[in-house]
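Working notes, structure below.
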Amino acid sequence: MFFPLTSTPFSRTGYRELLPSKELAPYVRCFWTSWNKEESSPQIQVQNTPIIPDLCADIIIATDGTENKADGREISSMHFCGVSDKMFLSSHSQGKHRRLFGIRFYAWQASHFSDQPLIKTANGFFDLQSHFQTAKKLLLAKLSPVMNLEEFKQIAQETLLQLLFRPASKIPEQAPLVQDAIIQMIRTRGSQQLSSIIKDIHTSERQLERFFAQALSLSPKKVSSLIRYQSLWQSACLSKNFDVQDAVANYGYFDQAHLLNDFKKFHGMNLTQARKLALKSK
């Protein structure tokens, strides 16, 4: 029902992703890898890429080495990148042969695999040990610095399934109301008023705020706004006959100015510029 896109959602040099298995599809958006090219390659001159809010959170594993292949490689770092609610620019790694591997979770599902609630992790970058001690231990036992994406996906999936079926006492408490609210937001593409959602799922605003803070470190109102923004972005990227006026009605904006201002607030550039950049990556 919800398949968030990046600012450059089509194939591009130095990045690749694979979809998860059926069992993990409700939790994981994709497994991905990116890498730096040789300094002599013209591809090294790429500009910083806008990282837009996609309601995902990532485990990121970096491998460094002196060669593109096996020689001298090692796992140099393991981090957790929390969900973001604003655009930022990725800086091109200084490591000549650095390669990154990632597990991209839907942000409201990431805490199923953590050892503690993900409070105050939004817009943050943390050592994996701080929230995912068990995941880090399990991954380190299996990871290889010379693995390819297919091998990484297999290792990551085995680890995540192991974590998912831990005893309930080992997993941070999950509030079903968070899932209920998210499903309602996705169904209405973020256009439903929060007061109406609260009434539909039979809770209070204060209680829902608390549960959202524990599960993904954003307020329900912000999550709903990001779902609407991402739904709009998907339509702008994937619809051949995308029309702004139709989008105003489809996504519950007051008028065209409201849509365009809201989009720029999250994306960091106007809709015309964003579509041009996205299509350029095809």
Side-chain angles (χ1 to χ4, degrees), residues 1-22 24-34 42-43 45-58 83-90 102 104-109 149 153 182-193 197 222-282:
M1 294 175 63
F2 185 68
F3 197 73
L5 301 178
T6 63
S7 63
T8 52
F10 307 107
S11 297
R12 61 190 188 273
T13 302
Y15 177 85
R16 186 171 165 239
E17 63 183 43
L18 294 174
L19 296 178
S21 64
K22 183 178 179 180
L24 287 170
Y27 304 93
V28 176
R29 162 64 178 79
C30 68
F31 300 96
W32 58 269
T33 186
S34 67
Q43 297 293 342
Q45 300 302 324
V46 294
Q47 296 181 348
N48 290 344
T49 302
I51 306 300
I52 60 173
D54 60 0
L55 277 175
C56 291
D58 293 67
V83 62
S84 64
D85 62 3
K86 53 191 173 186
M87 186 276 290
F88 63 93
L89 294 175
S90 68
R104 182 164 296 149
F105 300 103
Y106 293 107
W108 58 90
Q109 301 283 40
L149 181 57
K153 174 185 172 179
I182 292 286
I183 290 171
Q184 192 78 348
M185 291 171 185
I186 291 172
R187 282 177 176 165
T188 59
R189 297 182 293 191
S191 63
Q192 186 178 5
Q193 293 292 319
I197 293 174
K222 178 59 67 72
V223 171
S224 184
S225 295
L226 288 170
I227 287 174
R228 177 163 69 169
Y229 152 73
Q230 263 291 334
S231 299
L232 169 63
W233 179 230
Q234 291 167 50
S235 178
C237 287
L238 303 178
S239 300
K240 291 183 178 179
N241 300 313
F242 175 77
D243 181 83
V244 173
Q245 289 297 337
D246 289 342
V248 169
N250 291 339
Y251 300 108
Y253 290 98
F254 298 126
D255 52 28
Q256 182 172 323
H258 181 209
L259 180 151
L260 295 175
N261 289 334
D262 193 65
F263 180 87
K264 188 174 182 179
K265 175 182 69 177
F266 289 124
H267 208 95
M269 64 183 75
N270 66 45
L271 183 55
T272 300
Q273 293 170 325
R275 293 188 76 209
K276 185 177 180 180
L277 177 64
L279 294 173
K280 200 174 176 183
S281 69
K282 273 190 172 182

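As the structure is a computational prediction, the values presented were derived from the model and not from experiment. Every heavy atom of this structure was used, including side-chain atoms; hydrogens, water molecules and symmetry mates were not.
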If you compare all heavy atoms of [X] against all heavy atoms of [Y], which two are closest, and at what distance to 0.1 Å?
| X | Y | result |
| --- | --- | --- |
| C30 | Y15 | SG-OH, 4.3 Å |
| R275 | A236 | NE-O, 2.9 Å |
| P9 | A278 | CD-CB, 3.8 Å |
| D58 | R104 | OD2-NE, 3.1 Å |
| I52 | W233 | CD1-NE1, 3.6 Å |
| F2 | I186 | CB-CD1, 3.6 Å |

Next on the checklist: Using the ring centroid of each side chain, check whether F105 and Y27 are separated by less than 6.0 Å.
Outcome noted: no

Ignoring hydrogens and geometry, is there a side-chain-to-backbone donor-acceptor pair from [X] to [Y] under 3.5 Å?
| X | Y | result |
| --- | --- | --- |
| R228 | Y251 | yes |
| Y253 | D262 | no |
| K153 | L19 | yes |
| T6 | T8 | yes |
| Q109 | P26 | yes |
| T33 | L149 | no |

Checklist entry - Q230 and side chain to side chain contact (heavy atoms under 4.5 Å, CB included): which partner among S225, P4, C56, S235? => result P4

Checklist outcome for this item: Exactly one of L271, N270, D255 clears side chain to side chain contact (heavy atoms under 4.5 Å, CB included) with L260, and that residue is L271

Item to check | Stepwise side chain to side chain contact (heavy atoms under 4.5 Å, CB included) check, H267 with S7 | outcome: CA-CA 8 Å; H267 208 95; S7 63; 4.3 Å; yes

Rounded distance (nearest 0.5 Å) linking atom [atom1] of [X] with atom [atom2] of [Y]:
| X | Y | atom1 | atom2 | result |
| --- | --- | --- | --- | --- |
| L259 | Q245 | CG | CD | 9.0 Å |
| Q234 | R189 | CD | CZ | 10.0 Å |
| F88 | I51 | CZ | CD1 | 5.0 Å |
| D85 | Y229 | CG | OH | 11.5 Å |
| I182 | I197 | CD1 | CD1 | 9.0 Å |

Checklist entry - Which is it for L238 and L5 under the side chain to side chain contact (heavy atoms under 4.5 Å, CB included) test, yes or no, and what are the steps along the way? => result CA-CA 10 Å; L238 303 178; L5 301 178; 4.2 Å; yes

Next on the checklist: Working note: W108 + V83, criterion side chain to side chain contact (heavy atoms under 4.5 Å, CB included); need CA distance, chi angles, decisive distance, verdict.
Outcome noted: CA-CA 9 Å; W108 58 90; V83 62; over 6 Å; no

Item to check | Full working for side chain to side chain contact (heavy atoms under 4.5 Å, CB included) between D54 and R29 | outcome: CA-CA 10 Å; D54 60 0; R29 162 64 178 79; over 6 Å; no

